[in-house]
S.K.: 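Below you will find the structure I want to go over with you.
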Protein chains: 4
Amino acid sequence: MPKISDAHREMRRAQILDAAWRCFYREGVQATTMEQIIKEADMSASAMYRYFGGKDDIIFSAISSSLTAVGKLLEPIVARDLAPAVLVERVTSDIETFSHREGYNLAAIAMHGWSEAQRDEKVRELIRGFYLGFREQLVARVVRWQAEGAVAPDADVAEVAKALQSIILGYVVQMSIMRDVDPAAHARGLAALLGAGR
Amino acid sequence: MPKISDAHREMRRAQILDAAWRCFYREGVQATTMEQIIKEADMSASAMYRYFGGKDDIIFSAISSSLTAVGKLLEPIVARDLAPAVLVERVTSDIETFSHREGYNLAAIAMHGWSEAQRDEKVRELIRGFYLGFREQLVARVVRWQAEGAVAPDADVAEVAKALQSIILGYVVQMSIMRDVDPAAHARGLAALLGAGR
Amino acid sequence: MPKISDAHREMRRAQILDAAWRCFYREGVQATTMEQIIKEADMSASAMYRYFGGKDDIIFSAISSSLTAVGKLLEPIVARDLAPAVLVERVTSDIETFSHREGYNLAAIAMHGWSEAQRDEKVRELIRGFYLGFREQLVARVVRWQAEGAVAPDADVAEVAKALQSIILGYVVQMSIMRDVDPAAHARGLAALLGAGR
Amino acid sequence: MPKISDAHREMRRAQILDAAWRCFYREGVQATTMEQIIKEADMSASAMYRYFGGKDDIIFSAISSSLTAVGKLLEPIVARDLAPAVLVERVTSDIETFSHREGYNLAAIAMHGWSEAQRDEKVRELIRGFYLGFREQLVARVVRWQAEGAVAPDADVAEVAKALQSIILGYVVQMSIMRDVDPAAHARGLAALLGAGR
DNA sequence: GATGAATGAGTCTTCATTCAT
DNA sequence: AATGAATGAAGACTCATTCAT
């Protein structure tokens with residue numbers, strides 16, 4: 001009897017979070033009203049409050065689920081044995097693909113999440129934790145590059161990972177603001193710059 | 001006589017925009033209320049509407065004036081003859097300094113501005129225009145690096161500038177979310193990565 | 001077969017009314033929500049509506065059953081042959097005992113009932129009817145006091161009963177507001193005052 | 001300039017509290033909506049919130065101002081040199097007169113206040129403090145009766161005052177529930193009862 | 001007979017903006 | 001030019017009640 005209830009509950013929650021992101025993407029997180037989310041999710045106000053404690057809960061859960069989705073997307077790429085510029089290309093390319101396939105702009109969502117993080121410490125901790133986890137994976141990647149001789153043996157791997165993460169995050173910014181970047185071209189530009197290190 | 005009025009007007013506008021940023025930084029752009037700005041600027045509601053058309057006008061003007069300030073800060077650095085990693089270090093270092101000196105977090109402001117850009121096309125055009133202008137300066141810088149042999153002669157300078165801009169923007173993201181980056185270390189990490197291009 | 005059903009029905013109704021009073025006592029009658037009663041009675045919303053027509057029905061029935069309980073409590077006391085001050089002491093003492101034994105504060109319940117009576121004529125009629133019935137018993141008591149010479153032969157027994165009822169009701173008020181009254185002390189104070197009539 | 005503001009403020013607050021009592025009297029405290037008070041006070045919702053922090057603030061202030069009014073009414077009566085039954089008659093008679101003159105039923109208001117006191121400790125403390133203050137005046141009165149020989153010299157004056165207060169409070173209850181009491185008849189009944197103490 | 005998810009109307013409160021003074 | 005009291009519309013959230021299962 002309650003078996004249906006549990007699966008049903010998760011389905012409803014996902015339906016609501018999806019609707020929320022479609023609104024957040026269009027209107028911004030704070031400017032989105034509960035009424036908009038409710039209408040987008042095609043349910044009643046009171047039904048919504050059965051699944052989430054309130055607007056803050058929806059915002060937090062939406063950002064959280066978004067990060068989980070991005071994590072699932074990027075983890076396998078970083079695990080592969082790719083050179084720096086190629087890694088950046090694959091990551092940015094997958095972000096682009098994911099954005100368009102899912103119907104909501106992942107880059108726009110990131111901007112809203114970062115903004116929200118500035119005013120809500122809990123959200124900042126959530127995003128920060130996720131990014132630090134991703135950075136750990138980058139560190140592991142850099143360690144292997146170092147073993148292969150692709151990175152100087154005396155380099156601080158943590159510092160390299162931070163620089164690498166800057167490039168990826170900066171791409172997302174340009175993707176959502178200038179909208180004139182392209183994974184392949186960006187990777188070529190990076191590769192040319194990498195050669196400049198000599 | 002109207003000269004004083006004009007100067008007065010500009011002073012009042014600046015006072016309001018400063019107050020607005022202090023609020024936006026704490027609360028987020030959309031979540032900030034006019035009442036908060038009014039109290040922070042220490043003036044009456046009606047006085048406020050004498051200097052700005054409304055909330056949207058304040059948001060747009062605040063972002064615009066912020067960009068102008070950042071432009072003035074960065075232009076001289078890009079004009080100097082610095083190697084890539086050094087350039088990035090100087091730019092990020094100046095952003096850090098500027099943030100703390102002015103009493104409001106420039107990185108946080110950037111997040112809010114980018115978020116706002118996703119829902120207000122006019123704001124996006126404003127920021128985009130500014131970033132494209134900055135990129136032009138980076139292109140000029142890359143051209144000179146190419147002339148000096150620091151960048152491969154067959155590289156597309158626009159692509160290189162975009163990659164460079166990613167690094168700077170990504171630094172700002174990490175500065176506002178992870179808050180564990182440091183201009184010098186970040187530049188060292190980048191330098192190590194640049195050497196990887198061989 | 002319908003006999004069990006009837007007994008079951010009455011048990012369920014009593015269970016609900018008990019739960020309702022525990023809520024009313026804590027939250028006030030109007031401020032109590034159906035959800036609170038439902039949770040306190042540990043049943044489903046729809047089950048509740050099978051036994052009562054709605055919130056108003058529960059309120060009315062709860063007050064009614066409460067009055068019945070108080071009636072059963074007080075009737076035997078008034079029937080006994082006690083002097084005025086002793087009667088008041090026994091009545092107030094039994095109200096105190098009943099309050100604590102049953103786990104819900106009878107005096108608090110009275111306040112809520114009286115308040116509800118101000119806005120719902122049906123409730124007022126219910127309580128009024130009960131109090132008039134109790135007063136009848138007091139009248140009978142006063143008649144006997146008069147016969148015994150304890151009350152002046154020319155006194156209007158109805159007026160004396162009203163005065164007596166005031167003392168009892170006023171005790172309940174002080175019990176729920178000041179919470180510093182005690183049946184014995186109160187009766188002693190009354191006895192001292194009674195002597196003042198000479 | 002702000003001189004008008006202060007007088008204006010108090011006038012507005014009084015206007016709102018008056019409107020609130022008219023509503024509380026009809027609907028009960030909790031069941032009264034802000035919309036009703038707003039309409040009754042003939043102002044906008046936002047204007048209301050300029051003068052009171054919210055519904056709870058209005059409730060508390062309304063009860064508080066009501067107690068102050070009752071205090072002003074009763075103090076001079078208790079100060080006079082009257083016999084017990086006469087004192088009760090004057091007090092109840094003035095409460096009756098005040099109720100009808102002011103256009104809102106003071107007894108009904110008392111019921112609502114007592115009920116509210118059961119669920120809001122701050123309200124209970126407010127009312128309790130007021131009643132204890134009134135009781136102090138009664139104690140002073142009893143002391144003088146004792147000096148005059150109208151009360152037994154060994155009686156505990158505090159206990160007598162409590163009994164006296166019960167009679168007054170109980171009258172108010174009967175006034176609002178049975179609505180068949182009358183100050184003079186009630187005082188006569190009390191006097192007959194007082195004589196019963198011999 | 002029982003459940004608990006769903007609802008629409010309503011609740012308190014706040015907002016950006018205006019206007020009499 | 002300046003004030004700050006006032007507003008109508010909208011904000012988040014809750015309620016008593018019903019109905020498909």
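Note on naming: letters A, B, ... go to the chains in the order of the sequence lines (proteins, then strands), and numbering restarts at 1 for each one. Below, all heavy atoms of this structure are taken into account, side chains as well, without hydrogens, waters or symmetry copies.
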S.K.: With DNA chain E as reference, determine whether A31(B) or A31(D) sits nearer its 5' end, using the nearest nucleotide of each.
M.R.: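 The residue mapped nearer the 5' terminus is A31(D).
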S.K.: Grab the CD1-C1' distance between I38(D) and dT11(E) for me, whole Å please.
M.R.: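 So the CD1-C1' distance, I38(D) to dT11(E), works out to 11 Å.
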S.K.: Paired with dT21(F) by Watson-Crick or G-U wobble geometry, both distances under 3.5 Å: which nucleotide is it?
M.R.: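 Pairing partner: dA2(E).
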S.K.: In whole angstrom, what separates D56(D)'s CG from dC12(E)'s C1'?
M.R.: 11 Å
S.K.: Tell me whether the count of non-hydrogen atoms from other residues, nucleotides or ligands lying under 6.0 Å of CD in E35(D) goes above 12.
M.R.: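 For E35(D), atom CD is not crowded (no more than 12 foreign heavy atoms under 6.0 Å).
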S.K.: Counting Watson-Crick and G-U wobble pairs only, both distances under 3.5 Å, name the nucleotide matched with dC15(E), or none.
M.R.: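 Paired with dG8(F).
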S.K.: What is the distance from NE2 of H8(B) to P of dA2(F), rounded to the nearest Å?
M.R.: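 So the two atoms are 6 Å apart, to the nearest Å.
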S.K.: Between P on dA16(E) and CD on Q30(B), what's the gap in Å once rounded to a whole number?
M.R.: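 Going from CD in Q30(B) over to P in dA16(E) covers 9 Å.
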S.K.: Once you round it to whole Å, what is the distance between P of dC12(E) and CD of E27(D)?
M.R.: 12 Å
S.K.: Does Y49(C) put a side-chain nitrogen or oxygen below 4.0 Å from OP1 or OP2 of dC19(F)?
M.R.: no
S.K.: What is the distance, to the nearest angstrom, from the CE atom on M43(B) to the C1' atom on dT3(F)?
M.R.: 12 Å
S.K.: Please determine whether any donor N or O and acceptor N or O are separated by less than 3.5 Å between the side chain of S46(D) and the base of dC15(E).
M.R.: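 Pair found.
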S.K.: Whole angstroms only, please: what is the CZ-C1' distance between R50(D) and dT14(E)?
M.R.: 12 Å
S.K.: On the nucleotide dA2(F), are OP1 or OP2 found under 4.0 Å from the side-chain N or O atoms that Y51(B) carries?
M.R.: yes
S.K.: Report the C-alpha distance between I58(C) and Y51(C) in whole Å, list the side-chain angles of each, state the deciding distance to 0.1 Å, and finish with yes or no for side-chain contact (heavy atoms from CB on, under 4.5 Å).
M.R.: CA-CA 9 Å; I58(C) 292 176; Y51(C) 296 104; over 6 Å; no
S.K.: Where each residue is assigned the nucleotide of DNA chain F containing its nearest heavy atom, which of G53(A) and A45(B) is assigned the position nearer the 5′ end?
M.R.: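 So the residue in question is A45(B).
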S.K.: Assign S44(D) to base, sugar-phosphate, or nothing according to its heavy-atom contacts below 4.0 angstrom with the strands shown.
M.R.: base
S.K.: Does OP1 or OP2 of dG1(E) have a side-chain N or O of R12(C) closer than 4.0 Å?
M.R.: no
S.K.: Any side-chain heavy atom of W21(D) sitting closer than 4.5 Å to one from I63(D)?
M.R.: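 Touching, per the 4.5 Å side-chain cut-off.
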S.K.: How many angstroms lie between atom CD of E27(D) and atom CD of Q36(D), to the nearest 0.5 angstrom?
M.R.: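 E27(D) CD to Q36(D) CD: 4.5 Å, rounded to 0.5 Å.
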S.K.: Applying the Watson-Crick and G-U wobble criteria at under 3.5 Å, what pairs with dC13(F)? Answer none if nothing qualifies.
M.R.: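 Answer to the pairing question: dG10(E), which forms a Watson-Crick or G-U pair with dC13(F).
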S.K.: What is the distance, rounded to the nearest whole Å, between atom CD of Q15(C) and atom P of dA2(E)?
M.R.: 11 Å
S.K.: When you measure from the side chain of T33(C), which nucleotide among dC15(F), dA12(F), dT11(E) comes out closest?
M.R.: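 For the T33(C) side chain, the nearest candidate turns out to be dC15(F).
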S.K.: Name the residue closer to the 5' end of DNA chain E, choosing between A47(C) and M48(A) according to the nucleotide with the nearest heavy atom.
M.R.: A47(C)
S.K.: Under the salt bridge (Lys or Arg N to Asp or Glu O under 4.0 Å) rule, what do E125(D) and K122(D) come out as? Steps first, then yes or no, please.
M.R.: CA-CA 5 Å; E125(D) 273 306 321; K122(D) 269 183 67 191; over 6 Å; no
